[in-house]
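Values reported hereafter were calculated over all heavy atoms of this structure, with side chains retained and with hydrogens, waters and symmetry mates removed. All values derive from a computational prediction rather than experimental measurement. Along the sequence shown, the residues carry numbers beginning at 1.
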Amino acid sequence: MYKTAETVATDAKMREFAPLVRRMARHLHSKLPPSVEIDDIIQAGMIGLMDAASRFDEAQGIQFGAYATQRVRGAMLDELRANDWMPRATRRALRDIERTIQRLEQRLDRAAGEAEIAQELGVPVAEYQALLQDARGHDLVHLEDCGRDGDDDYLDHNCPDRRDDPAAHYEDSRFRAALIGGIENLPPREKLLMGLYYEKELNFKEIAAVLEVSESRVCQLHGQAVERLRAKLKAW
C-alpha cells in the first residue's frame with residue numbers, strides 16, 4: 001500500500017511539473033547552437049524531475065517546486081556537459097576574447113567597441129561576430145547550479161558547508177558591488193539587453209523586436225556582454 005501511494009504521488013508530480021521541464025528546456029535551448037536537439041534536453045530534464053520526485057523529503061522544509069527546478073536544471077546541464085557540445089577551438093577563442101577585452105578596456109578606460117575588439121584580435125568584425133554567434137550557451141551555469149558535484153547537493157542537507165562555495169562568493173557584498181558596477185558600465189544597448197533577458201525574462205526573439213535588430217544580432221550582443229563581465233570579474 002505504501003509503495004502504491006508513493007508511486008501515485010510520484011506520477012502526480014511528474015504530470016504537474018512536466019510543463020515546467022518543457023519551459024526550462026525551451027529557455028535553455030534558445031541559448032544553444034541549432035545542432036543541439038531540444039528533445040534531448042527535455043528527456044534529461046524529465047529524468048531529473050523523476051529523480052527529484054523520488055528523493056524529495058518534505059521534512060527538510062523545502063518546496064518541491066524549488067527542489068525540482070534545481071534538479072531538472074542540473075540534469076539538463078549534465079547532459080550538455082557530457083556531450084561536450086562546444087568545440088575546444090571555440091572555447092579557446094572565447095578565452096582569447098575575454099583576455100582581449102580585459103586588456104583593451106584597461107588600456108582605453110572605457111567599454112571597447114566591436115570593431116576595436118576585432119582589430120585587437122586581428123580578425124574582421126564579421127568573423128568576431130560569427131564567433132560570438134557560435135558560442136551560444138557559453139554562460140550555461142546559473143547561480144542555482146552552484147551546488148557540489150554528483151549527489152552531494154546543497155539542497156540535500158540542512159547545514160551545507162559553504163566554504164569555497166561560488167554561491168557564498170556571490171553573497172559577498174564586494175562581489176555584488178563589482179557585478180553591479182560591471183553591468184552599469186556596459187554599453188547602453190548591452191545593458192538594456194541584459195535587463196530584458198535576466199530581469200524581464202524576455203527571450204532573444206522578443207528582445208530583437210524591442211531593439212529592432214535580428215535575433216542573431218541579439219545573440220551576438222549577449223555573448224559580447226557576457227565576455228565583458230567575465231573579463232571584469234575575472235579576479236572573482
Side-chain angles (χ1 to χ4, degrees), residues 23-36 38 41 69 73 76-77 80 85-86 90-91 93-106 108-121 123-146 166 170 175-234 236:
R23 241 182 356 260
M24 291 174 64
R26 286 195 297 270
H27 182 73
L28 185 56
H29 188 257
S30 71
K31 299 162 60 179
L32 296 167
S35 59
V36 180
I38 190 170
I41 303 176
T69 297
R73 183 181 288 118
M76 290 176 176
L77 293 176
L80 292 169
W85 56 270
M86 183 181 287
T90 303
R91 294 186 187 277
L94 286 174
R95 287 196 293 270
D96 288 342
I97 289 174
E98 182 183 315
R99 287 192 291 265
T100 298
I101 290 175
Q102 185 180 35
R103 182 175 64 249
L104 188 57
E105 295 192 347
Q106 283 178 348
L108 297 174
D109 196 27
R110 60 171 173 80
E114 278 183 316
E116 292 171 318
I117 297 171
Q119 183 178 6
E120 188 78 5
L121 285 167
V123 300
V125 172
E127 184 177 331
Y128 168 63
Q129 291 175 338
L131 181 57
L132 292 174
Q133 179 78 15
D134 291 343
R136 280 179 76 168
H138 181 50
D139 59 323
L140 280 175
V141 178
H142 296 254
L143 175 64
E144 294 89 337
D145 305 311
C146 290
Y170 173 78
F175 175 78
R176 291 174 64 89
L179 177 59
I180 291 169
I183 295 171
E184 287 295 327
N185 289 324
L186 288 173
R189 188 157 58 163
E190 291 177 26
K191 180 180 174 182
L192 173 61
L193 187 159
M194 298 296 269
L196 293 173
Y197 188 68
Y198 291 102
E199 184 178 356
K200 302 300 183 183
E201 298 188 344
L202 272 62
N203 58 39
F204 283 179
K205 184 176 182 179
E206 293 167 333
I207 295 172
V210 173
L211 298 182
E212 298 182 339
V213 297
S214 67
E215 189 172 347
S216 62
R217 182 59 179 153
V218 171
C219 178
Q220 293 166 3
L221 291 171
H222 177 266
Q224 185 166 262
V226 168
E227 293 310 313
R228 289 190 202 276
L229 292 174
R230 286 184 186 276
K232 289 181 184 295
L233 301 173
K234 196 174 184 66
W236 291 95

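Taking CD1 of I101 as the reference point, atom CD1 of I117 lies at 4.0 Å (rounded to 0.5 Å). Interatomic distance, L202 CG to I207 CD1, rounded to the nearest 0.5 Å: 5.5 Å. The distance from atom CD1 of I41 to atom CZ of R73, rounded to the nearest 0.5 Å, is 13.0 Å. Taking CZ of F204 as the start and CG of L196 as the end, the distance is 11.0 Å to the nearest 0.5 Å. Note that CD of Q102 is 11.5 Å distant from CD of E227, once rounded to the nearest 0.5 Å. Taking CD of E120 as the reference point, atom CG of L104 lies at 5.0 Å (rounded to 0.5 Å).
No side-chain donor-acceptor contact under 3.5 Å links E190 to the backbone of P187. When atom types are taken as modelled, the side chain of E105 and the backbone of A112 share a donor-acceptor pair closer than 3.5 angstrom. Panel note: side chain E206, backbone N203; a donor-acceptor pair is recorded below 3.5 Å.
Across T69 and M24, no two heavy atoms sit closer than the pair O-CE, 3.5 Å. Looking at every heavy atom in both residues, Q220 comes nearest to L132 through O-CD1, 3.5 Å. Considering all non-hydrogen atoms of both residues, R228 and L186 come closest at CD-CD2, 3.6 Å. V218 and V213 make their closest contact through CG2-CG2, 3.7 Å (heavy atoms, listed as atom of the first residue, atom of the second, distance). The two residues I183 and L229 have their closest heavy-atom pair at N-CD2, 3.7 Å.
Checked for salt-bridge contact, E184 and K232 miss the test: no charged N lies under 4.0 Å from a carboxylate O.
Considering only heavy atoms from C-beta on, V123 stays 4.5 Å or farther from L131 through its side chain. For the pair E127/L121, no side-chain contact is recorded, criterion being any heavy-atom separation below 4.5 Å from C-beta on. Contact annotation: the side chain of Y198 approaches that of H222 to within less than 4.5 Å [non-hydrogen atoms, C-beta and beyond].
Each of Q224, Q133, Q129 was scored for a side chain to side chain contact (heavy atoms under 4.5 Å, CB included) with C219, with one residue passing: Q133.
Between H27 and Y197, the ring-plane angle classifies as parallel under the 30° and 60° cut-offs.
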